[in-house]
Amino acid sequence: MKVVAFNGSARRNGNTAILIRHVFKELEREGIQTELIQLAEHKVQGCIACRKCFTEKNKRCAVGDDIINECIVKMLEADGMILGSPTYFADCTASIKALIERAGMVARANDDMFKRKLGAAVVAVRRSGAIHAFDSLNHFFTIGQMIVVGSSYWSIGLGGRDSGDVERDPEGLKTMATLGRNMAWLLKKINEAEDTPR
């Protein structure tokens with residue numbers, strides 16, 4: 001079993017990545033493979049509304065000059081995914097939104113190809129706007145017939161502008177650990193059900 005996470009932060013090892021790694025720690029403890037994709041290393045753009053994904057139906061975006069198609073392949077190969085973003089102007093970042101737009105359209109064009117995969121949102125915030133960002137990330141999962149994993153609170157961590165500030169948010173860290181445990185539990189239950197003869 002594998003979970004892939006996409007960090008939409010402009011900071012590779014900032015607060016969002018730290019929160020994702022706290023989720024990963026619990027998943028890895030349960031023997032689940034993890035992979036973190038840093039969108040900050042790549043220039044990505046949003047959907048250009050060409051709708052070629054609906055005519056081609058090849059599980060790819062027609063815009064092929066960036067990492068998005070590689071991300072789509074990783075999403076298809078994984079059992080679950082995490083979308084992570086800091087809060088920028090009361091929403092998720094433009095890079096994670098570009099991934100949502102393009103992977104989402106390709107999925108819709110290909111019979112909701114991520115359906116029944118697990119999804120979880122992780123948000124870092126300095127002050128406010130996190131719930132809107134959290135909702136934006138989760139809408140990707142719910143429109144695609146995915147299963148959203150919950151935690152003991154919304155999976156949001158509070159921190160300042162400096163990398164590492166979220167480490168001083170014990171409730172946020174507890175929420176990430178619970179999210180990781182819940183995701184591992186659900187992945188195992190689904191895996192057991194799929195292995196059970198009918």
Side-chain angles (χ1 to χ4, degrees), residues 2-28 33-48 60-78 80-107 114 117-141 144 154-169 172-173 175-176 179-180 183:
K2 183 174 182 180
V3 172
V4 62
F6 301 90
N7 180 10
S9 176
R11 297 178 181 175
R12 285 179 38 89
N13 296 305
N15 291 316
T16 306
I18 290 167
L19 294 171
I20 291 169
R21 287 189 181 105
H22 277 277
V23 179
F24 275 5
K25 188 179 351 177
E26 299 300 324
L27 291 166
E28 291 162 1
Q33 289 182 296
T34 61
E35 182 179 5
L36 178 57
I37 308 298
Q38 303 276 7
L39 295 180
E41 297 174 356
H42 308 276
K43 185 177 179 184
V44 296
Q45 72 171 63
C47 178
I48 61 170
R60 297 183 55 79
C61 178
V63 178
D65 60 353
D66 62 17
I67 193 176
I68 298 297
N69 280 319
E70 292 173 44
C71 293
I72 291 169
V73 169
K74 288 185 181 292
M75 289 174 162
L76 279 169
E77 292 172 347
M81 65 186 83
I82 296 169
L83 298 181
S85 179
T87 305
Y88 284 10
F89 287 86
D91 209 344
C92 58
T93 64
S95 59
I96 200 78
K97 187 71 167 76
L99 176 63
I100 287 170
E101 289 175 4
R102 290 172 54 201
M105 287 301 283
V106 170
F114 303 136
K117 289 184 182 286
L118 302 190
V122 168
V123 176
V125 64
R126 184 185 69 82
R127 188 168 176 88
S128 63
I131 293 299
H132 188 95
F134 182 75
D135 289 345
S136 292
L137 299 175
N138 278 313
H139 287 145
F140 172 78
F141 305 132
W154 299 294
S155 42
I156 295 164
L158 299 174
R161 290 184 177 95
D162 296 327
S163 295
D165 283 349
V166 291
E167 296 283 7
R168 294 190 295 275
D169 176 17
L173 298 181
T175 302
M176 297 307 144
L179 178 62
M183 194 170 223

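A quick note: this is a predicted structure, and the numbers were derived from the prediction, not measured. Values reported hereafter were calculated over all heavy atoms of this structure, with side chains retained and with hydrogens, waters and symmetry mates removed.
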Undergrad: Keeping the roles fixed (side chain from R102, backbone from V63), state whether a donor-acceptor pair exists under 3.5 Å.
TA: yes
Undergrad: What's the spacing between I48 CD1 and M105 CE if we round to 0.5 Å?
TA: 11.5 Å
Undergrad: Could you tell me the separation between the CD1 atom of I100 and the SG atom of C47, rounded to the nearest 0.5 Å?
TA: 13.0 Å
Undergrad: Any chance you could lay out the side-chain contact (heavy atoms from CB on, under 4.5 Å) test for L39 and C71, step after step, and finish with the verdict?
TA: CA-CA 10 Å; L39 295 180; C71 293; 4.2 Å; yes
Undergrad: Which atom pair, heavy atoms only, marks the closest approach of F141 to A121?
TA: CE1-N, 3.8 Å
Undergrad: Side chains of V4 and T34, heavy atoms from C-beta outward: is any pair under 4.5 Å?
TA: no
Undergrad: Check for a donor-acceptor pair, side chain of K117 on one end and backbone N or O of L76 on the other, with a separation under 3.5 Å.
TA: yes
Undergrad: So do the side chains of L179 and I82 get within less than 4.5 Å of each other, counting heavy atoms only?
TA: no
Undergrad: Between CE of M75 and CZ of F6, what distance do you get to the nearest 0.5 Å?
TA: 4.0 Å
Undergrad: What's the spacing between L99 CG and N7 CG if we round to 0.5 Å?
TA: 11.5 Å
Undergrad: A5 and I20: which non-hydrogen atoms are nearest, and at how many Å?
TA: CB-CG2, 3.6 Å
Undergrad: Can you name the closest pair of heavy atoms from S95 and G8 and give their distance?
TA: OG-O, 3.0 Å
Undergrad: Could you check V166 against M176 for side-chain contact (heavy atoms from CB on, under 4.5 Å), going step by step and ending with a plain yes or no?
TA: CA-CA 11 Å; V166 291; M176 297 307 144; over 6 Å; no
Undergrad: Evaluate the side-chain proximity of L19 to V23: yes if any heavy-atom separation is below 4.5 Å, no if none is.
TA: no
Undergrad: Does the side-chain contact (heavy atoms from CB on, under 4.5 Å) test come out yes or no for L83 and V122, once each step is laid out?
TA: CA-CA 6 Å; L83 298 181; V122 168; over 6 Å; no
Undergrad: Salt bridge between K2 and E77, side-chain N to carboxylate O under 4.0 Å?
TA: no
Undergrad: Distance check, rounded to the nearest 0.5 Å: F140 atom CZ versus E101 atom CD?
TA: 11.5 Å
Undergrad: Locate the shortest heavy-atom distance separating A17 from Q38; write the atom from each residue and the value.
TA: CB-NE2, 4.3 Å
Undergrad: With rounding to the nearest 0.5 angstrom, report the CG to CH2 distance, D135 to W154.
TA: 9.5 Å
Undergrad: Between S85 and T93 (side chain of the first, backbone of the second, donor and acceptor by atom type, cut-off under 3.5 Å), is there such a pair?
TA: yes
Undergrad: Would you say the side-chain atoms of N69 pair up with the backbone N or O of G64, donor to acceptor, closer than 3.5 Å?
TA: no
Undergrad: Please name the pair of heavy atoms, one in S9 and one in A40, separated by the smallest distance, quoted to 0.1 Å.
TA: O-CB, 3.3 Å
Undergrad: Step by step, work out the side-chain contact (heavy atoms from CB on, under 4.5 Å) result for E167 and L173.
TA: CA-CA 7 Å; E167 296 283 7; L173 298 181; 3.7 Å; yes
Undergrad: Does either side chain, that of N13 or that of R21, offer a donor lying less than 3.5 Å from an acceptor on the other one?
TA: yes
Undergrad: State, to 0.1 Å, how close S136 and C92 come at their nearest heavy-atom pair, and which atoms those are.
TA: CB-SG, 4.0 Å
Undergrad: For the side chain of D165 and the backbone of D162, is there at least one donor-acceptor N/O pair under 3.5 Å apart?
TA: yes
Undergrad: Do D66 and K43 touch side chain to side chain, with heavy atoms closer than 4.5 Å?
TA: no
Undergrad: Measure from the side-chain N and O atoms of T87 to the backbone N and O of A124, and report whether any donor-acceptor pair falls under 3.5 Å.
TA: yes
